[in-house]
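Some notes on the structure that comes next.
Atoms within each ligand, like the ligands themselves, are counted from 1 in listed order. Worth saying up front: this structure is predicted, and the values here are computed from it rather than measured.
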Amino acid sequence: GAKVQSDPPRVPVSQLFPNNVYPVGEEVEYLNDNAYRTTNEEKRHLDRMNNDFLQEYRQGAEAHRQVRKWCHAHIKPGMSLTEIAEGIEDSTRALTGHWGLEEGDNIKGGVGFPTGLSINHIAAHYTPNAGNKWILGEKDVLKVDYGVHVNGRIVDSAFTLAWDSKYDNLLAAVKDATNTGIREAGIDVRVCDIGAAIQETMESYEVELDGKTYPVKAIRNLNGHDIIQHSIHGGKSVPIVKGGDQTKMEEGEIFAIETFGSTGRGYVNEDLECSHYAMRSDAPNVALRVQSARSLLNVIKKNFGTIPFCRRYLDRLGQEKYLLGLNNLVSSGIVEAYPPLVDTKGSYTAQFEHTILLRPTVKEVISRGDDY
Ligand SMILES: COc1ccc(Cn2nnc3c2[C@](C)(O)CC[C@@H]3OC(=O)NC(C)C)cc1
Ligand SMILES: [Co+2]
């Protein structure tokens, strides 16, 4: 009979959509061309050419939404960050059918990048390493930022959870700002104009915490980014404040539109133990002095390629005592380290993010769901 998703989600989405046609994301007409693109025969032809790519992307987006259902139902104060991360990752692997334990499997599909679980003043790039005992608290503001990929088509979408209503305005500011960014994005649009619009929306909010009123600030050194196959960062950034560069978005490009709001400085720097890594796509061919670095590099190439990973994924593959080798790969410029990004201690940061496809005919917010 008709397959339905289990709880926790373990039924591959390919079994829920048998004829391999997945739900279309939110389609938005481009603002600045009065429907020329929607009707133009050549643009519609170009769109039809991309069907395999679109189905892979929509499959990943459907998996992302179904994992979110588990998140909204099950992530609660009192849970450990490790339990939350593994819950998201196991569900992602089950829904895409890629458990990532055989060589090359994680390159075909599965977890798109490490499950970000950044709390309070930590804005991004935090996921627990082995042995982390951190328990989610009632007063925490948790950013859940995880990726799902199908054949290297990475869906990057994030949301913020809080259990104390005092943070409502902070979350509302960032959700509104991200939707402003999505609305302003489009073919031939300058990224600096998007950043200015995002900042204006974001900074029209303030939040009162324990008797003190804070203006919500856009975090000026965090950005959205373009996404290319098998790589979370193609090289273009989407600023979330005014004064960015004049680079234009182009037809066919894919962007992660993400904004971050803060009650702190509105600026992050690197802090805390690193968990996130990714092999550089332009990695130099240097001779490696450290034997363990050579064997570790092979494991990374065979299991991740340029898809970002974290230490827990190396543990899961049975790697041990790899830190010296990993640090050697980082200092050799072969692997990039992405330490946690933090605003001032005691501040609170929030994030919302969607992945959008700039299709020839229409802008598709591929990761849109009925939750955000
Ligand atoms: C290694 O695992 C990852 C996971 C995601 C990304 C995607 N990304 N790349 N840069 C960023 C991101 C995030 C996680 O989207 C948002 C934060 C950050 O934004 C930003 O501007 N940072 C500046 C300080 C350069 C990269 C690597
Ligand atoms: Co992201």
- Once rounded to 10 degrees, what value does the angle at the Co ion (ligand 2) take between OD1 (Asp156) and OD2 (Asp145)?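 OD1 of Asp156, the Co ion (ligand 2) and OD2 of Asp145 span an angle of about 120°.
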- In the hydrophobic clustering (ILVMFWY, side-chain contacts below 4.5 Å, transitive), which residues join Tyr30, or is it alone?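 Listed partners: Val28, Ile182, Ile187, Val189, Val191, Ile194, Ile198, Ile219, Leu222, Val238, Ile240, Met249, Phe255, Ile257, Phe260, Val268, Leu341, Ile356, Leu358, Val365.
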- Task: Return yes if a side-chain donor-acceptor contact under 3.5 Å exists between Thr178 and Thr259, otherwise no.
- Result: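 On atom types as modelled, these side chains qualify, holding a pair under 3.5 Å.
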- For Asn303 and Glu103, does a side-chain donor sit closer than 3.5 Å to a side-chain acceptor?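 There is no such pair between these side chains.
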- Non-neighbouring partners of His149 that pass ring pair (Phe, Tyr, Trp, His ring centres under 6.0 Å), sequence neighbours left out: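 Not a single residue meets the ring pair (Phe, Tyr, Trp, His ring centres under 6.0 Å) criterion with His149.
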- How would you list, by chain and number, every residue that makes a ring pair (Phe, Tyr, Trp, His ring centres under 6.0 Å) with Phe113, sequence neighbours excluded?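 Listed in chain order: nothing, the list is empty.
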- Message: Please name the atom of Glu353, limited to N, O or S, that comes nearest to the Co ion (ligand 2).
- Response: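 Checking each N, O and S atom of Glu353, the shortest distance to the Co ion (ligand 2) belongs to OE1.
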- Do His276 and Tyr126 have their ring centres less than 6.0 Å from each other?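 Between His276 and Tyr126, the centre distance exceeds or equals 6.0 Å.
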- Query: Between Phe352 and Phe159, is the gap from one ring center to the other below 6.0 Å?
  - Reply: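 Ring-ring flag for Phe352/Phe159: false, centres at least 6.0 Å apart.
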When you pair each N or O of ligand 1 with protein N or O atoms, which pairs come out under 3.5 Å?
residue	atom	partner	partner atom	Å
ligand 1	15 (O)	His225	NE2	3.3
ligand 1	15 (O)	Glu258	OE1	3.1
ligand 1	15 (O)	Glu258	OE2	2.5
ligand 1	21 (O)	Asn223	N	3.0
ligand 1	21 (O)	Asn223	ND2	2.7

